[in-house]
Amino acid sequence: MTTVKIASILAGRDRRSIGRSNEVARLVLKQSRRFRELIACLWDENPVVRLRAADAAEKVSAQKPRLLDRHKPELLGLLAEAEQIELRWHLAAMIPRLRLTPAERHRAAAALQRYLNDRSSIVKTFALQGLADLSRNDANLRAKVKQLLEEAVNSGTPAMRARARHLLKNFLA
């Protein structure tokens, strides 16, 4: 029996739906060797496949973050160049799970700071979370991230304000 391609499982037309991404996440959690195929879908020509792949990859990496490690260069590149809103917010959640060198962490933080200017409140909110997560492993980032969180509490969207308040409460804990 042939194996069904992950991209075909994720295909569809409705960008408001995650489609079968939960099914794909369960499949990849059972068959880790297919994570590479899932990650390749982040560059699919179909934006629906990309967003659903990002959703599934984020869910898989929440449980098995080390699967991301072999894709670090590509993911850092995608973080810097992604335009699609759904890709951006899922990358903001995944990137802090990588084992990053100080230089890579600062490169990721710079990309996430650019995300704070995105038109999407969800992207901005996930960028704040990603920056806070990155700063946990980098004392040099903490002061800047704390300042960004304080600014978000005062001038961010409602979602950003709520997330920033929560992050500030736990920031030094």
What's the spacing between I95 CD1 and E104 CD if we round to 0.5 Å? 10.0 Å
If we ignore hydrogens and angles and just use 3.5 Å, is the side chain of R20 paired with the main-chain N or O of L10 as donor and acceptor? no
Please tell me if the side chains of R142 and K146 come closer than 4.5 Å, counting only heavy atoms from C-beta onward. no
Is it true that D69 and K72 have a side-chain N and a carboxylate O under 4.0 angstrom from each other? no
Is it true that a side-chain atom of K124 and a backbone atom of D118 form a donor plus acceptor pair closer than 3.5 Å? yes
Any side-chain donor near an acceptor of the partner, Q129 and D133, under 3.5 Å: yes
Shortest non-hydrogen contact between L76 and A108, atoms and distance: CD2-CB, 4.1 Å
Exam field: side chain Q31 to backbone V28, donor-acceptor pair closer than 3.5 Å: no
Applying a strict under-4.5 Å side-chain criterion to I, L, V, M, F, W and Y, I'd like to know whether L51 and I9 cluster together. no
Stepwise side chain to side chain contact (heavy atoms under 4.5 Å, CB included) check, I85 with R119: CA-CA 9 Å; I85 289 169; R119 71 181 193 273; 3.4 Å; yes
I'd like to check F35 versus L68 (side-chain heavy atoms, cut-off strictly below 4.5 Å). Are they in contact? yes
For the backbone of I18 and the side chain of S21, can you confirm whether one donor and one acceptor N or O come within less than 3.5 Å of each other? yes
Shortest non-hydrogen pair, V24 vs A56, comes out as CG1-CB, 4.0 Å
Just by modelled atom types, is the E45 backbone N or O under 3.5 Å from a matching donor or acceptor in the R50 side chain? yes
Please determine whether a side-chain nitrogen of the Lys or Arg among D55 and R52 lies less than 4.0 Å from a carboxylate oxygen of the Asp or Glu. no
Side-chain donor/acceptor of T157 to backbone N/O of M160, under 3.5 Å: yes
Assess whether a salt bridge exists between R97 and E58, defined as any Lys/Arg side-chain N lying under 4.0 Å from an Asp/Glu carboxylate O. yes
Start with the C-alpha gap between Q147 and E151, add the side-chain angles, then the distance that decides, and say whether side chain to side chain contact (heavy atoms under 4.5 Å, CB included) holds. CA-CA 6 Å; Q147 177 187 355; E151 289 171 9; 3.1 Å; yes
Tell me whether R105 is salt-bridged to D138, with the criterion being a basic N under 4.0 Å from an acidic carboxylate O. yes
Is the side chain of R88 donor-acceptor paired with the backbone N or O of L79 at a distance under 3.5 Å, no angle test? no
Does W43 share a hydrophobic cluster with L91, counting links as ILVMFWY side-chain heavy atoms below 4.5 Å and allowing steps through other members? yes
Checking the side chain of Y115 only, and the main-chain atoms of W89 only, is there a donor and an acceptor separated by less than 3.5 Å? no
Can you name the closest pair of heavy atoms from A54 and L87 and give their distance? CB-CD2, 3.8 Å
Taking it one step at a time, do R26 and K59 satisfy side chain to side chain contact (heavy atoms under 4.5 Å, CB included)? CA-CA 9 Å; R26 286 190 299 274; K59 289 171 179 167; over 6 Å; no
Side-chain donor/acceptor of E37 to backbone N/O of I6, under 3.5 Å: yes
Give a yes or no on whether F126 and L148 share a hydrophobic cluster (residues Ile, Leu, Val, Met, Phe, Trp, Tyr; joining criterion: side-chain heavy atoms under 4.5 Å apart). yes
Could you walk me through whether L167 and V145 pass the side chain to side chain contact (heavy atoms under 4.5 Å, CB included) test, one step at a time? CA-CA 10 Å; L167 291 169; V145 170; over 6 Å; no
Where is the tightest heavy-atom contact between S32 and L67, given as atom of each residue plus distance? CB-CD2, 4.0 Å
Heavy-atom pair of closest approach, residues A164 and L128: CB-CD1, 4.4 Å
Could you tell me whether a side-chain N or O of D44 sits under 3.5 Å from a main-chain N or O of A40, the two making a donor and an acceptor? no
